[in-house]
There are 2 protein chains.
Amino acid sequence: MNIKDVARLSGVSISTISRVINNSAYVSPEIKERVEKVLTETGYRPNSLAKELLRNKTDTIGVMLPRIDLSTFAQTIDGISSTLTESGYNILLANTRDSQEEELRYLTLFYEKRVDGILYFATDINERHLQALSKLRIPVVIVGQSGSYLNCPAVRLDNFGAARAMVNYLVSIGHRRIGFIGVSDHDHDIGTLRREGYLAALRDNGIPADPELMWIGDFEYPSGERGARRLMELPGERPTAVFCVTDRLSISTSGWLNRNGYRVPEDVSVACIDDPGLLSFCHPSVTTMSFDYMAAGSLAAKMIIEYIEGRVPEPSEILLPYTIQIRDSTKPLEGAII
Amino acid sequence: MNIKDVARLSGVSISTISRVINNSAYVSPEIKERVEKVLTETGYRPNSLAKELLRNKTDTIGVMLPRIDLSTFAQTIDGISSTLTESGYNILLANTRDSQEEELRYLTLFYEKRVDGILYFATDINERHLQALSKLRIPVVIVGQSGSYLNCPAVRLDNFGAARAMVNYLVSIGHRRIGFIGVSDHDHDIGTLRREGYLAALRDNGIPADPELMWIGDFEYPSGERGARRLMELPGERPTAVFCVTDRLSISTSGWLNRNGYRVPEDVSVACIDDPGLLSFCHPSVTTMSFDYMAAGSLAAKMIIEYIEGRVPEPSEILLPYTIQIRDSTKPLEGAII
DNA sequence: CTGTTAGCGCATTCAG
DNA sequence: CTGAATGCGCTAACAG
């Protein structure tokens, strides 16, 4: 069933059908009615491919992200999809499973499919991305990292500031021996910036960084357990607080501590960054830095739409703030002079 | 930059370009080399829209789901995307936020965009869906619910069996007064079937169902807290175990109990269904029924591909089994005769 | 072995 | 106010 069939059934030309469907010009009432009858009877719906080919616009945004099973990403997508839907855009999803090859492949695919714009959840940006993106000539907005290297607008989170502020908070309630459970630099904002925030806070307070107190793992739960065990089995004075760079790591860190004779927060305080609902409701609830990921997604969506419509997004980089959520997993250090 | 430009730059016809790109016929080595040079220099990539229009195939699957921020859905999508990618398919994502209007709107959109197939995460299927889908003439596979009403193949989870087996387990370790924290029937498999599994298990053991012990809320964390409070503040003998229909609800139930003077599992056992990594690592770790959502996604993807390729999926309905994960949140009832 | 041509389904000139 | 014709970019059938 195509526009030709509808035209034949209605006894008019295809132009008239097009005019009725798109309401793009006056059509005499009788003909209009006749056409509309055929339209509803047949349930005809125009083929978007043809339209898109002609208009050179697909109303589709390519969304590329390294993993979909992290609540932070899921929430961001929620924000993105809600805003894009409102504006009549659709999402072509690329779940790259952290593979750079996949990223580059999908970039090509996005181009071939002529998406109107790309939202790129970047982790580790390098020369190859720069090259690939520059050839693309498609509006790109970076999510979760700076866009300056790629010369793209970006929506970022103040990861450095959040980490620094959280560790400063731990120090402010008396902790000085603070363990760190992080992830590799492969993810720049979470791996590098959150670690640097931790180190900056130590410097802020004149506390020497102790490499022994820093554990670098991955994003999965077991990594938090391994880190916690490592920190607690260290010879010498054990940490009185542990700062984890993600919510997942704090859950498994806190879980391991509680299961292994260290009460949280009485013996060890635990804090982290990112605030899925979970952290308020588990036991003990977890002190964390909260980012509004839904809002980040919405903003990114708005930016890419602006960009597509020819306006260069202003400001070209949005930095989202953190808010501290003090809960039950942290407490002032016993006997410390605050 | 289109195929014509490339043809001009190479000094050959567009057919030759097409042949080189698709390797669809023999081209003399000299010409081939010349064309390939232009291809790499210009970075030309064919326009998929034109190809898709011609071939009447988009290599795109519409994936429709009610919410993306549940780990079960995220995991399922992970399985879907990995299998679809392997087979050269892409995902057009429709996040409907539980709105039936949105569902129907997206169904039309999927049709207009000529997706090759649809994966439909159904919750509440009714007459309108039946009508809409029957007009569509696009292969559809239902995920997470029976497809018989819509006459579609489906990948399901044995929700009834899982709930029944879990409650039977609780009874087997001595519990007889077992609270229930569920969700509304709006979600058939989770709302209705998991509740019926609970009731069936009670019948299995000759325990009369007590409506007072059953709380129906929603999917969010606060609902578990409200349910827990309600069950514990009931006059009369309090439950010794609580069965929650989802992992989220069990987290907030367990959290509320622990924060309000009921030790889990010493005073109250807590169990649920669904097994995100979280439940193994929190404290106490949570006894649950595990479904392999990644596998469910993979299977659904394989089914839709089969269907698209003209083979009717066999069997037309796959029921995925559960496996029990006994962890720290449940323990035999003190003093019970088992 | 390579070029010319038709047409996928539609929106949009341009005539009438 | 309506119809005929053009072309978006590409593949495939057909000539040469």
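Naming convention: chains lettered A, B, ... in sequence-line order (proteins, then strands); numbering from 1 in each chain. Because the structure is predicted, anything quoted here is derived from the model rather than measured.
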Rounded to whole Å, CG of B:N47 lies from P of C:dC8 at a distance of 18 Å

Whichever of B:I3 and A:Y26 has the more 5' nearest nucleotide on DNA chain D, that residue is A:Y26

From the candidates C:dC10, D:dC1, D:dT11, the one with an atom nearest any side-chain atom of A:S28 is D:dC1

Quick note, A:V27 side chain, CB onward, closest among C:dT12, C:dC10, D:dT2 is D:dT2

Separation of D:dG7 atom C1' from A:N56 atom CG, nearest Å, is 13 Å

### Task
Start with the C-alpha gap between A:R97 and B:D78, add the side-chain angles, then the distance that decides, and say whether salt bridge (Lys or Arg N to Asp or Glu O under 4.0 Å) holds.
CA-CA 9 Å; A:R97 334 172 144 286; B:D78 219 359; 3.0 Å; yes

A:K4 NZ to D:dG3 P, in whole Å, measures 16 Å

* To do: Indicate whether OP1 or OP2 belonging to C:dC1 is found under 4.0 Å from a side-chain N or O atom of B:T16.
  => no

So, under a plain 3.5 Å distance rule, would you say the side chain of A:R114 forms a donor-acceptor pair with the base of D:dG9? no

Closest to the 5' end of DNA chain C, once A:M1 and A:R19 are matched to their nearest nucleotides, is A:M1

Rounded to whole Å, CD1 of A:I14 lies from C1' of C:dG7 at a distance of 13 Å

Original post:
What is the ring orientation for A:F291 with A:Y293, classed by angle as parallel under 30°, tilted 30 to 60°, or perpendicular over 60°?
Top reply: perpendicular

Q | Modelled atom types, side-chain donor and acceptor of A:N47 and A:N2, under 3.5 Å | A | no

Atom NZ of B:K32 and atom P of C:dC1 are separated, to the nearest Å, by 12 Å

Between CG of B:L53 and C1' of C:dC8 the distance, given in whole Å, is 4 Å

Q. Phosphate oxygens OP1/OP2 of D:dC8: is one of them under 4.0 Å from a side-chain N or O of B:N2?
A. no

Separation of D:dA12 atom C1' from B:K51 atom NZ, nearest Å, is 14 Å

Within less than 4.0 Å of OP1 or OP2 of D:dG9, is there a side-chain N or O belonging to B:Y44?
no

Next on the checklist: Need one value for B:I31: base, sugar-phosphate or nothing, where a base atom within 4.0 Å counts as base even if backbone is also close, heavy atoms only.
Outcome noted: sugar-phosphate

- Checking all strands, does B:N22 fall into the base, sugar-phosphate, or nothing category for heavy-atom contacts under 4.0 angstrom? sugar-phosphate

Item checked: Geometric cation-pi criterion A:R114 and A:Y111, 6.0 Å radius, 45° cone -> yes

Rounded to whole Å, the CD-C1' distance (B:E112 to C:dC10) equals 13 Å

Respond yes when some side-chain nitrogen or oxygen of B:S18 is under 4.0 Å from OP1 or OP2 of D:dT11, and no when none is. yes

| request: Kindly say if A:S15 contacts the phosphate of C:dA11, meaning a side-chain N or O under 4.0 Å from OP1 or OP2. | output: no

Quiz item: Salt bridge between A:K113 and B:E52, side-chain N to carboxylate O under 4.0 Å?
Solution: yes

